[in-house]
Amino acid sequence: MDYRIEKDTLGEMKVPADKYWGAQTQRSKQNFPIGGEKMPFEVIRAFAILKKSAAKANNDLGLLDKQKADAIGYAADQIVEGKLDDHFPLVVWQTGSGTQSNMNVNEVIAYVGTEWLKEQGSDVILHPNDDVNKSQSSNDTYPTAMHIAFVLKLEDHVLPAVRTLKNTMNEKMEAFQDVVKIGRTHLQDATPLTLGQEISGWQRMLEKSETMISESLRYVRDLAIGGTAVGTGLNAHPNFSEAVTKAISDETGKTFKSASNKFHALTSHDDTVHVHGALKGLAADLMKIANDVRWLASGPRSGIGEITIPANEPGSSIMPGKVNPTQPEAVTMAVTQVMGNDSAIGLAASQGNFELNVFKPVIAYNFLQSCQLLADSMLSFDERCVQGIEPNYEQIEKYVRDSLMLVTALNPHIGYENAAKIAKQAFADNTTLKEAAVELELLTEGEFEEYVNPKEMTYPK
């Protein structure tokens, strides 16, 4: 392999000739052979947005000439467009401030920007620290990049996926609004409701999660940039924070603002814990929805079988003809991971010592993985399962007809204790409620039919 020599404050390093990073990135690559989880590209691209915005702010404030600012902007755009992905090799398991990844971005931008300047006929050289990292520290850039990445991922991927699944649920809710079925509480028979009403509970879960996630986002719109090393803003212009935050908002089309207290912004990630808590709430709802779907579709002959779902693939390598609820299973596994991520994020966020939390990369990694898993699983669940849900009318009607809990409608007419006698008699004799009521001489057939109407029980007056 061909190499070139790069230098940093510790000396010389051999860097692969075809890579754009510098000495500090190479040191990190060699010093942290831990796991295989790379720094999420969402963070890298958020860094690029930040570097371009910082260069613009520094130029506007008279601290960086336009030629350098333009070169930084050009290189940053290349990163955002995904054209330089091969030049970001570092793993999550590095320094807790994310310094190596900050320098990886600085070095790549400096290299690409300098090459671009050469093409323009300029002999200006970008320095990764003095120019690309100007007015910044890893301690304020990494949490800023985290928040940019979180807002983009949530608004552009997670929330649209929630809306897609919610809209499908709404369609199913309306389509099955008059399909009367038996309810279940404590895994036991309960009074009837409609399939549309049951699905409306799922739809409302998604609607409420969408609202809670959207509302929680305001906390991660605060950016730490401008705090530099410990929150004092040393080596940054007094107006830098506001200027760069505005530039980031303009660049992304999202709303961001400068954190009012940079000491908090560097050492605390309570805001991320709060937002991920809303994601965990969504995960809990998806677990319930997916489990309901697979239970209601269980069978086909020995389960509940009140609904049918699409048969996407053979379900067994040994049992011919078996079809399994694989989409609900995938959802439940994904949300289990999200719940685990919530524990990791909460623990990592508790480790802010003095002026800095040094668990930032693991927080970012887990948060973004949760976003990806939730968005992907919801879209797959929607397309390959929920859209194909249909009622099994014969099975639904059988359960309603056989249910003992229809007796609840008799309470206002003959009292709780007499109604209980009917239910117990019907169960003991394996007869219908009507037959038991007549046999016990508590009601005539006509009275029973007048009082016990499953559909009316779903829309009580």
Side-chain angles (χ1 to χ4, degrees), residues 39-53 76-77 79-82 141-170 203-225 244-259 265 269-286 331 334-335 337-338 341-342 345 349 360 363-383:
M39 188 62 63
F41 280 115
E42 293 93 340
V43 172
I44 300 302
R45 286 165 187 155
F47 257 119
I49 291 168
L50 168 58
K51 298 299 176 179
K52 180 179 180 179
S53 300
D77 286 343
I79 295 173
V80 171
E81 292 168 14
T141 58
Y142 197 94
T144 297
M146 282 171 58
H147 282 203
I148 294 170
F150 295 168
V151 170
L152 291 174
K153 196 71 173 176
L154 288 165
E155 289 196 337
D156 295 346
H157 296 275
V158 177
L159 289 173
V162 173
R163 294 181 192 115
T164 295
L165 183 56
K166 179 190 70 174
N167 291 340
T168 299
M169 291 293 187
N170 192 63
Q203 190 269 353
R204 177 56 179 157
M205 290 177 192
L206 296 168
E207 186 176 60
K208 197 166 185 179
S209 281
E210 177 188 2
T211 299
M212 290 189 291
I213 294 168
S214 297
E215 289 177 349
S216 71
L217 266 172
R218 70 181 185 270
Y219 297 109
V220 288
R221 296 187 193 278
D222 290 351
L223 301 183
I225 194 68
V244 71
T245 301
K246 182 181 183 306
I248 292 168
S249 297
D250 292 342
E251 185 70 19
T252 60
K254 310 293 185 184
T255 302
F256 293 100
K257 62 190 182 73
S258 175
H269 292 298
D270 49 8
D271 37 29
T272 298
V273 172
H274 179 77
V275 180
H276 198 274
L279 293 179
K280 183 173 71 170
L282 171 60
D285 282 341
L286 289 172
V331 171
V335 299
Q337 182 65 49
V338 172
N341 288 348
D342 192 73
I345 288 170
K360 299 184 193 300
I363 291 173
Y365 175 76
N366 281 283
F367 189 102
L368 291 167
Q369 185 192 53
S370 290
C371 291
Q372 192 72 47
L373 288 173
L374 288 169
D376 289 351
S377 62
M378 281 187 289
L379 292 176
S380 183
F381 185 46
D382 175 78
E383 179 184 349

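Nothing fancy with the numbering, it's 1 onward along the sequence.
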Legend entry - Test ring pair (Phe, Tyr, Trp, His ring centres under 6.0 Å) applied to F381 - qualifying residues, sequence neighbours left out: none
Inset, instruction - Specify the closest pair of heavy atoms between A364 and V43, including all atoms of both residues, with the distance to one decimal. - result: CB-CG2, 4.1 Å
Legend entry - K257 and D222, any side-chain heavy atoms less than 4.5 Å apart: yes
Inset, instruction - Measure the OG1-CG distance between T245 and L223 for me, rounded to the nearest 0.5 Å. - result: 5.0 Å
Inset, instruction - Check whether any side-chain heavy atom of I248 sits under 4.5 Å from a side-chain heavy atom of L50, and report yes or no. - result: yes
Legend entry - Residues D382, T164; criterion side chain to side chain donor-acceptor pair (under 3.5 Å); working and verdict: CA-CA 8 Å; D382 175 78; T164 295; 5.9 Å; no
Inset, instruction - Please list all pairs passing the ring-ring contact (aromatic ring centres under 6.0 Å, His included) test where one or both residues lie in residues 141-163, with sequence neighbours left out. - result: F47-Y142, F150-F367
Inset, instruction - Taking side chain to side chain contact (heavy atoms under 4.5 Å, CB included) as the test, write out the residues that go with D77, two or more places apart. - result: K52, E81, E251
Legend entry - From OG1 (T252) to CG (D156), nearest 0.5 Å: 9.0 Å
Inset, instruction - Determine whether P143 and H269 make a side-chain contact, defined as any pair of heavy atoms from C-beta on separated by less than 4.5 Å. - result: yes
Inset, instruction - Would you name the heavy atoms of H276 and I345 that are closest together and state the gap between them? - result: CD2-CD1, 3.4 Å
Inset, instruction - Answer whether the closest heavy-atom distance between the side chains of T141 and K51 falls below 4.5 Å. - result: yes
Inset, instruction - Would you give the length of the straight line joining atom OG1 of T211 to atom CZ of R204, rounded to the nearest 0.5 angstrom? - result: 6.5 Å
Inset, instruction - Calculate, to the nearest 0.5 Å, the distance between atoms CD and CG belonging to E210 and L165 respectively. - result: 11.0 Å
Legend entry - M169 side chain near E207 side chain, heavy-atom distance below 4.5 Å: no
Inset, instruction - Only counting residues at least two apart or in another chain, list the ones meeting ring pair (Phe, Tyr, Trp, His ring centres under 6.0 Å) with Y219. - result: H274
Inset, instruction - Would you indicate whether K280, at its atom NZ, is surrounded by more than 12 heavy atoms from other residues, nucleotides or ligands within a distance under 6.0 Å? - result: no
Inset, instruction - Mind listing the closest non-hydrogen atom pair of L279 and C371 along with its distance? - result: CD1-SG, 3.9 Å
Inset, instruction - Apply side chain to side chain contact (heavy atoms under 4.5 Å, CB included) to V151 and list each qualifying residue two or more places apart in sequence or on a separate chain. - result: E155, L217, V220, R221, K254, F256
Legend entry - Minimum heavy-atom distance A145-A46, with the two atoms named: O-CB, 3.2 Å
Inset, instruction - Check whether any side-chain N or O of S216 sits under 3.5 Å from a backbone N or O of I213 as a donor-acceptor pair, and report yes or no. - result: yes
Legend entry - Reported CG-to-CD1 distance for the pair N341 and I363, which is rounded to 0.5 angstrom: 12.0 Å
Legend entry - Polar side-chain atom of S53 near backbone of I49 as donor-acceptor pair, under 3.5 Å: yes
Legend entry - Which residues share a side chain to side chain donor-acceptor pair (under 3.5 Å) with N366, sequence neighbours left out: none
Inset, instruction - Specify the closest pair of heavy atoms between S209 and D285, including all atoms of both residues, with the distance to one decimal. - result: OG-OD2, 3.3 Å
Inset, instruction - Decide yes or no for M378 and L282: does some side-chain heavy atom of the first lie under 4.5 Å from some side-chain heavy atom of the second? - result: yes
Legend entry - 4.5 Å side-chain heavy-atom contact, V338 and L286: no
Legend entry - Residue pair A48 / A76: nearest heavy atoms and the distance that separates them: O-CB, 3.3 Å
Legend entry - L373 CG to Q337 CD distance, which is reported to the nearest 0.5 Å: 6.5 Å
